[in-house]
Structures are given as structure tokens and as C-alpha cells.
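Comments concern the structure below.
So that the names make sense, note that chain A is the first sequence line, chain B the second, and so on, each numbered from 1.
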Amino acid sequence: MATRTRIRSALAGEGLGGDVTVKGWVRTSRVGKEVAFLAVNDGSSLASLQVVAEPALPNYPEVCAISTGAAVAVRGRLAESPAAGQRYELRAAEIEILGPADEGYPLQKKRHTFEYLRTIAHLRPRSNTFGAVFRVRSSLAQAVHRFFAERGFLCVHTPIITTNDCEGAGELFRVTTLDLARPKLVDGEVDFSDDFFGEAAGLTVSGQLEGELFAQAFSDIYTFGPTFRAENSNTPRHAAEFWMIEPEMAFADLRDDARLAEEFLRHLCRHVLDHCQEDLAFFNDHIDRGLVARIEGVAGSTFAMMEYGEAITRLQRAEVAFEYPVEWGLDLQTEHERYLTEQVVGGPVFVVNYPREIKAFYMRQNDDGKTVAAMDLLVPKVGEIIGGSQREERHDLLMARMEETGIDPASLWWYLDTRRWGSTPHAGFGLGFERLIMYLTGMENIRDVIPFPRTPRHAEF
RNA sequence: UCCCCAAUAGCUCAGUCGGUAGAGCAGGUGGCUGUUAACCACCUUGUCCCUGGUUCGAGUCCGGGUUGGGGAGCCA
């Protein structure tokens with residue numbers, strides 16, 4: 001058959017009145033003696049194209065037997081539809097059944113639970129919801145790159161295999177070619193000097209440290225790639241493999257960092273509103289009633305900023321019984337974060353300058369000696385969505401902080417080197433890509449915004 | 001890892017007081033129709049998650065387990 005027209009284009013009337021060929025998968029069929037209708041979808045849009053088949057077709061009996069899930073190629077005339085429900089339809093002159101589907105096809109025309117669809121992750125992208133999720137995911141990924149490209153940020157591919165184990169010991173996935181049945185032991189411990197890299201290696205938990213190195217050469221950089229956590233987290237918000245977006249800016253402080261985060265999130269909200277309207281309307285109707293209004297709210301708002309100390313005071317004054325204690329020096333729990341963004345501010349809010357004891361070693365110490373230049377962006381419904389900080393650029397203070405937190409400076413000699421030669425104030429943040437997708441689609445389980453999710457006990461497909 | 005909930009037809013679920021299994025959808029057959037996740041009639045489909053116990057009798061009650069989900073912690 002002739003050149004394929006994407007169904008998205010056909011639905012927009014492209015080729016109206018002329019000869020058009022589409023190829024896709026049958027979503028539903030409605031069959032009669034005088035006429036049959038096939039809804040055909042090729043993934044280019046949420047909506048399917050109605051194909052009209054008449055008995056004059058040489059293979060009309062076979063066409064009538066086509067069931068949900070079959071792959072077809074249809075050539076015909078694209079015409080205005082006489083019936084309500086669609087503007088255009090394809091009057092078939094020829095229907096080729098490329099790949100039939102029998103009654104065992106697991107995706108039915110009716111609603112399925114997400115739990116069930118996870119067990120058929122190889123087929124669920126053919127469903128309405130997952131089609132929409134993965135179109136939005138793709139669009140957002142491109143929007144992320146475009147946002148940074150437009151601002152002159154360098155895209156750096158930080159390593160996936162790493163020998164840093166200083167960011168949090170037990171959560172690293174081990175990467176090894178050693179014989180697991182008989183590893184060489186020295187004093188009862190596995191001897192990794194025989195391993196592929198000559199030392200213990202694992203999958204990265206963050207590209208930040210390497211990102212900082214590149215920021216000290218290219219000024220503004222970002223990394224956007226997969227990260228891995230071996231934590232036994234069983235929640236709808238955690239996965240063992242997920243994607244992170246981590247920009248890093250030299251010659252920048254916490255204010256600059258917050259400004260970038262704010263622009264970034266607003267830009268992505270604007271992006272889905274402008275470019276994913278059909279899918280967003282679907283989510284708004286079927287998944288999360290207030291979705292579009294909430295995204296419009298964030299896209300149009302200026303984000304508030306609040307000191308950690310003030311946040312504590314506000315929480316202590318709140319006439320709400322929190323499950324976890326509120327006290328200066330303790331970290332904010334999800335319930336606290338949501339109270340701040342939903343009740344106190346009523347919109348996105350940065351909480352800044354956290355106690356140094358509850359934050360990572362690389363965050364810049366403030367002059368008060370008690371806090372570090374950290375920021376969390378809290379948004380309604382989810383709580384923290386972005387975490388960032390100004391980094392400690394002063395060599396002596398960074399060394400002292402590493403010793404305090406039990407990190408061997410020798411293992412991060414290259415990181416410390418950037419503070420020896422041409423050190424600059426710099427800052428960056430991290431955003432979990434899946435959490436962003438969840439926020440912008442209303443999907444409530446991270447397993448349903450990753451094509452093939454990896455969670456404890458699950459790495460199928 | 002801790003706490004809570006759930007598991008019944010291919011899918012979504014109901015199943016009363018403990019009395020031997022039911023609906024819708026899917027599938028099959030027939031009908032009807034420019035249909036809209038079409039409609040109408042008839043038909044098919046069960047390791048009631050596994051295991052042990054209580055009982056004359058367990059889908060139902062109790063213990064243990066498995067799997068899934070939710071909440072929490074960790075965090076992105």
C-alpha cells in the first residue's frame with residue numbers, strides 16, 4: 001500500500017477527499033450486514049480513526065471477523081463523517097489484515113485495573129491511559145532538553161557505572177563480573193581488586209557530583225538520565241530505576257537556583273497545557289478531576305519562599321494534629337510539607353536554609369553556623385518535587401564537613417580538586433522525572449508512568 | 001523494613017446467618033442496526049490464592065504462608 005498517514009494527521013483532516021492509507025491496531029469493531037466500523041489507533045493520538053467497511057470489499061467476511069487487537073492496513077478515501085461522534089472517517093477501499101488477534105488478546109474494550117495492566121506491560125501501551133502517559137512522557141523529555149538548550153546549558157551524560165559509594169552506602173546496586181559462587185576473599189571480605197574495574201563498582205544514584213565537575217568548565221550544565229536505588233522501598237512513589245534531571249550552574253547562589261527551578265517547572269506546566277491538550281483532557285476527565293486547573297495554577301503563579309525556621313514556627317502554630325513531631329532540627333515529613341504548600345501558602349513554595357545536620361555534606365554552610373543553603377520546592381498534592389542546594393565551594397569547610405559526616409576525602413579527591421583550582425559559587429537541583437510526570441498527569445503510581453518499571457521483586461519484560 | 005487491606009470465571013466484581021457459585025463485560029451462535037467501549041436473544045466458562053485447623057458441612061470462621069494494593073520510613 002501507499003505511504004502511511006499517521007492517524008493523528010488523518011483525524012485533523014489531512015488528505016481530506018483523497019486517497020489515504022493508515023496502519024494501526026483495532027480498538028473496537030462494530031459489525032453488521034450492510035456496514036462495519038473499525039476504530040483504528042496507531043499511537044499518534046488518543047482518539048482512533050473510524051474506518052467504514054462495506055460488503056463490496058472482497059474480503060468483507062474476514063473484515064467482519066477482525067477483533068480487538070488486530071493490526072490492519074487500510075486504504076481508502078478520507079471523508080467527512082455523516083454521523084455524530086467524529087468529524088472524519090476513512091471509507092475503506094482495501095483492508096489488509098497484517099496481524100490478526102484471537103480471543104485470547106488480554107486487552108478488552110472495557111476498563112481494566114492498573115494492577116492487571118502492570119502484568120501485561122508489553123501490551124498496556126495500546127490502552128488509552130498508557131498511550132496518553134507515554135505520549136506525555138515523551139513530550140516532556142523533549143521539553144526538558146529544549147528548556148535547557150534554549151538557555152545555553154550543556155547536556156552532559158554522567159556515568160551510569162560508578163565507584164563512588166559515599167552518598168549512601170547500602171542503596172547502591174553492585175555491578176560485578178566476579179564469580180558469585182566463589183568470590184575471592186581477603187580477611188573474609190570480597191576482594192574487588194580482581195573485579196572488572198579493579199574496585200567495587202555500582203550503578204549511579206545521582207549524576208550530581210560529576211555534573212558539578214562539568215559546571216566548573218561549561219558554567220551551566222544539566223544531566224538527564226537513569227539512576228538506580230537498591231532501597232527496599234514499597235511505595236507508589238519509588239522505583240529501583242528512574243530518571244533524574246539535574247542542572248548545575250557555576251557563578252550561582254541559592255536564589256539563582258530557586259529562580260531556575262521555578263522557571264523550569266512553570267515552563268513544563270505550560271508545555272503540557274500547550275502541547276498535550278488531548279491527553280491532558282483525558283487525564284482530567286478520567287484520572288484526576290482538578291488536574292488542568294492545578295497545572296494552570298502553577299503555570300501562572302509566582303512561587304513563595306519561606307525559611308525553614310519560619311516553616312517550623314508556622315507548623316507549630318497550626319491547629320492540626322500532626323503524626324510526627326515538629327521541632328527545629330527535625331526534617332519535615334510529607335504531612336508537614338503538604339500543610340505548608342496547601343494550607344499556609346496555597347501554591348508552590350520553596351523552603352530554604354535547613355539545619356545542616358539533616359542535609360548532605362556538599363551543601364553550602366550559611367554564616368549562622370547552623371543552617372545550609374538548601375531548598376525544597378513543595379507543591380500541592382505531592383509535597384517535595386524538587387530538592388536542591390548551593391554547593392560548598394570552600395575547600396576547608398568542605399573537608400571539615402566530610403570528616404564530620406564520615407566521608408573519606410581521598411575517595412573524592414577529584415571532587416575536592418575543583419575547590420582547589422578555580423572554585424566558584426555554584427548551585428543545582430534534582431528533579432525525579434517520573435514524579436514530574438505523575439504530577440502533570442495525575443497518575444498516582446510510579447509503576448504506571450515508567451514503560452517497564454523496576455521495583456523490589458519486579459524486573460519483568 | 002513496619003502497619004493496614006485484599007485475593008471468587010479470561011477481565012471487573014457480588015456472594016446475606018457457615019448449607020455446596022452468581023452478574024456485567026469478554027468469547028460462541030443467531031438477529032438487528034450509519035454504528036460510537038452499539039444493541040437484543042440464547043449459550044459456554046470456576047484449583048473460590050496456597051496450607052493447616054474448627055465444624056455434620058467452609059468462598060464465608062481461625063492460624064500460618066504467598067502475591068498484590070494502600071499508609072509510613074528512606075527519598076527523587
Pick base, sugar-phosphate or nothing for [X], based on heavy-atom distances below 4.0 Å to the nucleic acid.
X	result
A:Leu436	nothing
A:Tyr324	sugar-phosphate
A:Arg118	sugar-phosphate
A:Ala39	nothing
A:Ala239	base

For the aromatic rings, using the six-membered ring if either is Trp, is the centroid distance between A:Tyr339 and A:Phe322 under 6.0 Å?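 When the ring centroids of A:Tyr339 and A:Phe322 are compared, they turn out to be within the sub-6.0 Å range.
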Do A:Phe224 and A:Phe433 make the cut of ring centroids closer than 6.0 angstrom?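 Judged by ring-centre distance (under 6.0 Å), A:Phe224 and A:Phe433 do meet the cut-off.
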Does [X] place a side-chain N or O at less than 4.0 Å from the phosphate oxygens OP1/OP2 of [N]?
X	N	answer
A:Arg30	B:rU35	no
A:Arg447	B:rG70	yes
A:Arg237	B:rC74	no
A:Asn445	B:rG70	yes
A:Arg91	B:rG34	no
A:Thr68	B:rA26	no

Within 45° of the axis and under 6.0 Å from the centre of the six-membered ring of [Y], does NZ or CZ of [X] qualify?
X	Y	result
A:Arg294	A:Tyr439	yes
A:Arg124	A:Phe130	yes
A:Arg151	A:Phe264	no

For RNA chain B, what are the stems built from at least three Watson-Crick or G-U pairs in a row, each pair having both distances below 3.5 Å?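 Result, WC/G-U stems under 3.5 Å: B:1-7 with B:66-72, B:10-13 with B:22-25, B:27-31 with B:39-43, B:49-53 with B:61-65.
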Can you tell me whether the side chain of [X] and the base of [N] have a donor-acceptor pair closer than 3.5 Å?
X	N	value
A:Glu444	B:rG70	no
A:Ser233	B:rC74	yes
A:His112	B:rC11	no
A:Glu231	B:rU1	no

How far, in whole Å, is [M] from [N] if one measures between their [atom1] atoms?
N	M	atom1	value
B:rC39	B:rC3	C1'	49 Å
B:rG30	B:rC11	C1'	25 Å
B:rA21	B:rU44	C1'	16 Å
B:rG46	B:rA7	C1'	15 Å
B:rU45	B:rU8	C1'	14 Å

Scan side-chain atoms only and decide if [X] and [Y] contain a donor-acceptor pair under the 3.5 Å cut-off.
X	Y	value
A:Tyr362	A:Gln208	yes
A:His426	A:Glu393	no
A:Gln390	A:Asp253	no

Given that A:Pro106 and A:Gly85 both sit by RNA chain B, which one's nearest nucleotide is further toward the 5' end?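 Counting from the 5' end, the first nearest nucleotide belongs to A:Pro106.
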Assuming nearest nucleotide by heavy-atom distance, tell me which of A:Pro456 and A:Ser67 is located more 5' along RNA chain B.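 Nearer the 5' end of the strand: A:Ser67.
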Could you please name the option among [options] that lies closest to any side-chain atom of [X]?
X	options	answer
A:Pro236	B:rG73, B:rA38, B:rG71	B:rG71
A:Glu115	B:rC75, B:rU1, B:rG68	B:rG68
A:Thr28	B:rA38, B:rG69, B:rU1	B:rA38
A:Thr235	B:rG69, B:rG73, B:rG34	B:rG73
A:His458	B:rU1, B:rU35, B:rU67	B:rU67
A:Gln108	B:rC25, B:rU35, B:rC13	B:rC25
A:Arg111	B:rC74, B:rG34, B:rU12	B:rU12
A:Gln86	B:rC74, B:rG70, B:rU36	B:rU36

Specify whether A:Tyr116 and A:His112 have parallel, tilted or perpendicular ring planes, treating 30° as the upper limit for parallel and 60° as the lower limit for perpendicular.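 A:Tyr116 and A:His112: tilted rings.
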Kindly say whether A:Tyr324 contributes a backbone atom to a donor-acceptor pair with the side chain of A:His336 at under 3.5 angstrom?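 Confirmed, A:His336 side chain pairs with A:Tyr324 backbone.
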Can you check the A:Phe37 CZ to B:rC39 P distance for me, whole Å?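 Whole-Å distance recorded here is 15 Å.
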